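Down below is the structure, laid out as structure tokens.
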Amino acid sequence: MSHIVHIVDVGSAATESVANITEIHDGLLLSADNDDFGIFSVKFSTEGREVVAGSSDDAIYVYDLEANKPSLRIAAHNSDVNSVCFADESGHLIYSGSDDNLCKVWDRRCFRAKEKPAGVLMGHVEGVTFLDSRGDGRYFISNSKDQSIKLWDIRKMSSHAARNIWFRNYEWDYRWMDYPAQARDVKHPYDQSISTYKGHSVLRTLIRCYFSPEYSTGQRYIYTGSHDACIYIYDLVSGDQVAKLQHHRSTIRDCSWHPTYPMLVSSSWDGDVVKWEFPGNGEAPLRPKRKQIRRRHFF
């Protein structure tokens, strides 16, 4: 864990970096006053002029690449900020998700009060592991340790989070325990999400989820890795699981759908990077026949 973000020059003639200090690595110091935190999430803005990062000190950082200095720090949440992203190409809106179970929207054009979000979105009952924006400044999805993905419309956000809500009456740590059976039916009383997608498992690590590409699928699907070593693909509108891709032997933390070609790549704790090719013209593969999969436990 480090408080420094490294930009790597892939166009450099150098092929190796000595202790990350040669010319292919450029370290961006997000804070000159504090080095007691680590970065969980980092994203470029669409035009590539800024980087936004979520950190273990419950904050959001924005770094101005042109000015070569940090431009913003927001004390955003009450726990680790596991994921951040820009909402659209304008760069004005930032989404954040945290271990405090909340997703927040930040509008840099109109901070009504210092470090006050434009809105809060409630619905998850465990920490948020990842966010992905649809890129339209309106919709985004979140993956969560409550074993679900949720779809959000920021027009439904609240001005503040509801107080005195407590969901757990059990001890649980997602890093080494399975999700408790009694927690699976717990629902947030003020759930503001549009849709919820379940079937995959979010355990051991901060598993990612994404919208499928605009070019080949019209963002018709949502896809995610899973602790059970499979990739899950859901229909955005119906919520149905349309595919379950099986090959890996351990947790799939991340996967990426090619922006134009009908293929995916996935990375797993089994040490493999796997390419998946879909039949047809970017359509998701057919739903496989039901097959009993033995759960694997990793401690």
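Just so you know, these numbers come straight off a predicted model, no measurement behind them.
Listed by chain and residue number, F37 satisfy the ring-ring contact (aromatic ring centres under 6.0 Å, His included) test with Y61 (two or more places apart in sequence, or in another chain). By the side-chain hydrogen bond (donor to acceptor under 3.5 Å, both in side chains) test, K145 is found to be paired with D99, residues two or more places apart in sequence or in another chain being considered. Shown here are the ring-ring contact (aromatic ring centres under 6.0 Å, His included) partners of Y139, two or more places apart in sequence or in another chain: there are none.
You'll find the side chain of Y190 stays beyond 4.5 Å of the side chain of S158, heavy atoms only. Within the 4.5 Å cutoff, no side-chain heavy atoms of I149 are placed close to those of Y232.
Proximity of a side-chain donor or acceptor of T251 to a complementary backbone N or O of W269 within less than 3.5 Å is not detected. A donor-acceptor pair under 3.5 Å links the side-chain atoms of Y197 to the main chain of L236, judged by distance alone. A donor-acceptor contact shorter than 3.5 Å links the side chain of T224 to the backbone of R208. When atom types are taken as modelled, the side chain of S201 and the backbone of L203 share no donor-acceptor pair closer than 3.5 angstrom. A donor-acceptor pair under 3.5 Å is absent between the side-chain atoms of S79 and the main chain of S98, judged by distance alone. No side-chain donor-acceptor contact under 3.5 Å links S256 to the backbone of V265. Within the 3.5 Å criterion, the main-chain N or O of H200 finds no donor-acceptor partner in the side chain of S226. Judged purely by atom type and a 3.5 angstrom limit, D146 uses its side chain to pair as donor or acceptor with the backbone of V125. Although no hydrogens or angles enter the test, the distance criterion places a donor-acceptor pair under 3.5 Å between the side chain of S56 and the main chain of G38. At distances below 3.5 Å, at least one donor-acceptor pair connects side-chain atoms of S268 with backbone N or O atoms of S250.
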* Worked check of side-chain contact (heavy atoms from CB on, under 4.5 Å) between I154 and L93 -> CA-CA 11 Å; I154 68 171; L93 293 178; 4.0 Å; yes
* **Worked check of side-chain contact (heavy atoms from CB on, under 4.5 Å) between V51 and L65** => CA-CA 7 Å; V51 168; L65 296 174; 4.0 Å; yes
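The distance from the NZ atom of K69 to the CG atom of L30 is 14.5 Å, given to the nearest 0.5 Å. The distance from atom CG of D36 to atom CE of M1, rounded to the nearest 0.5 Å, is 11.0 Å. Here NZ of K104 is found 13.0 Å from CG of L131. Values are rounded to the nearest 0.5 Å.
Note on V52: it does not cluster hydrophobically with I7, by side-chain heavy-atom contacts below 4.5 Å among ILVMFWY residues.
Taking 4.0 Å as the cut-off between side-chain N and carboxylate O, D153 and R155 count as a salt-bridged pair.
Ring centers of W257 and Y223: under 6.0 Å apart, within the cut-off.
The closest side-chain donor-acceptor pair between S148 and K198, if any, does not fall under 3.5 angstrom.
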